Amino acid sequence: MKYAISTLLWLALATASVTASTALWAGELEVENPWVRLMPPGVATTAAYMKLRNQGSKAVTIQKVESTDAGKVMLHGYRNDGDKLHMVPMDSLTLAPGEVVSLEPGALHLMLMGLTHGLSEGQPLTLTLYYSDGQSQQILAEPRAPQ
Ligand SMILES: [Cu+2]
């Protein structure tokens with residue numbers, strides 16, 4: 001019986017340490033104020049914005065973003081061609097240690113295409129960020145009108 005208890009304790013501790021290290025890692029990329037642009041009913045495309053801060057000592061690369069609320073999520077930047085601004089898809093986004101990157105209207109953003117439902121305030125969308133080291137992080141982005 002003593003053996004069984006200590007085995008259980010060991011399992012509990014092992015599980016706890018795995019959880020803790022995952023949380024620690026996810027904490028290295030701090031996501032502040034994630035939100036999506038509220039769109040009129042029937043519009044199936046929107047954009048998500050947030051502030052990213054790499055708190056860790058290693059570079060962090062976001063390789064892919066998915067959402068259960070949209071068919072496709074793309075990372076978009078802008079390129080200035082003379083007098084016209086073009087949205088350009090980006091393969092990935094890398095933040096150096098300590099780097100802060102703002103995804104905001106008119107700049108870097110996540111494009112959400114094929115929304116599976118209408119957007120309303122108080123019903124956040126789920127976004128999953130996938131990193132180049134195989135880790136991922138889920139965030140909730142609140143629909144709201146741009147200020
Ligand atoms: Cu876009």
Side-chain angles (χ1 to χ4, degrees), residues 8-147:
L8 275 179
L9 182 63
W10 184 87
L11 279 174
L13 287 173
T15 308
S17 76
V18 166
T19 308
S21 65
T22 305
L24 187 69
W25 195 95
E28 289 183 13
L29 190 73
E30 192 181 85
V31 180
E32 277 174 44
N33 188 28
W35 64 284
V36 293
R37 184 188 290 265
L38 206 49
M39 298 301 274
V43 178
T45 302
T46 189
Y49 310 102
M50 66 201 70
K51 193 173 189 178
L52 302 169
R53 185 190 306 269
N54 183 358
Q55 309 264 50
S57 53
K58 283 188 285 186
V60 172
T61 298
I62 300 173
Q63 261 188 339
K64 183 175 70 162
V65 182
E66 284 181 350
S67 174
T68 51
D69 301 293
K72 192 171 186 173
V73 183
M74 291 177 80
L75 182 63
H76 276 176
Y78 278 96
R79 190 186 57 216
N80 197 338
D81 272 358
D83 52 7
K84 269 193 178 170
L85 276 181
H86 295 276
M87 286 201 294
V88 271
M90 295 167 65
D91 288 337
S92 62
L93 175 64
T94 299
L95 284 88
E99 191 174 356
V100 178
V101 171
S102 285
L103 278 65
E104 56 193 15
L108 270 180
H109 58 278
L110 293 174
M111 204 85 200
L112 279 69
M113 283 157 284
L115 291 172
T116 58
H117 55 84
L119 303 176
S120 43
E121 284 178 70
Q123 291 187 289
L125 302 190
T126 304
L127 294 168
T128 307
L129 310 181
Y130 292 91
Y131 304 108
S132 56
D133 68 351
Q135 301 271 2
S136 64
Q137 182 175 3
Q138 214 170 60
I139 57 172
L140 293 175
E142 187 65 47
R144 60 175 162 87
Q147 264 116 32

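Since we're looking at a predicted model, the values are computed, not measured.
Between atom OG of residue Ser57 and atom CD of residue Glu28 there is a gap of 6.5 Å, rounded to the nearest 0.5 Å. Distance check: Met39 CE to Leu115 CG gives 8.5 Å after rounding to the nearest 0.5 Å. Taking NZ of Lys84 as the start and CZ of Arg79 as the end, the distance is 12.5 Å to the nearest 0.5 Å. Here the straight-line distance linking atom CE of Met74 with atom CE of Met111 works out to 9.5 Å at 0.5 Å rounding. Rounded to the nearest 0.5 angstrom, Gln63 CD and Asp133 CG are separated by 9.0 Å. If you take CG on Leu93 and OG1 on Thr61, they are separated by 8.0 Å, rounding to the nearest 0.5 Å.
Ala145 approaches Leu38 most closely through the heavy-atom pair N-CB, 3.9 Å. Shown here for Leu140 and Pro124, the closest heavy-atom pair between the two residues is CB-CB, 4.0 Å. Between Leu29 and Tyr131, the closest heavy-atom pair is CD2-OH, 3.3 Å. Closest approach of Pro143 and Ser120 over heavy atoms only: CG-O, 3.5 Å. Listed here is the closest heavy atom pair of Lys51 and Ser102: CG-OG, 3.7 Å. Nearest approach of Thr68 to Thr116, heavy atoms of both residues: O-OG1, 4.0 Å.
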Is there a side chain to side chain contact (heavy atoms under 4.5 Å, CB included) between Asn54 and Leu52? Walk through the geometry before answering. CA-CA 7 Å; Asn54 183 358; Leu52 302 169; over 6 Å; no
Apply the test side chain to side chain contact (heavy atoms under 4.5 Å, CB included) to residues Leu119 and Asp69: give CA-CA distance (whole Å), side-chain angles for both, the deciding distance (0.1 Å), then the verdict. CA-CA 10 Å; Leu119 303 176; Asp69 301 293; over 6 Å; no
Test side chain to side chain contact (heavy atoms under 4.5 Å, CB included) on Met50 and Trp35 and set out the steps. CA-CA 6 Å; Met50 66 201 70; Trp35 64 284; over 6 Å; no
Would you check, one step at a time, whether the test side chain to side chain contact (heavy atoms under 4.5 Å, CB included) holds for Arg37 with Thr46? CA-CA 6 Å; Arg37 184 188 290 265; Thr46 189; 3.5 Å; yes
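Note: His76 and His109 have perpendicular aromatic rings, judged against thresholds of 30 and 60 degrees for the angle between ring planes.
Taking 4.5 Å as the limit, every side-chain heavy atom of Ile62 sits out of range of all side-chain heavy atoms of Leu75. Between Val60 and Thr94 the shortest side-chain heavy-atom distance does not fall below 4.5 Å.
No more than 12 heavy atoms of other residues, nucleotides or ligands shown are found within 6.0 angstrom of CG on Asp91.
Under a 3.5 Å cut-off, the side chain of Glu142 and the backbone N or O of Gly122 do form a donor-acceptor pair.
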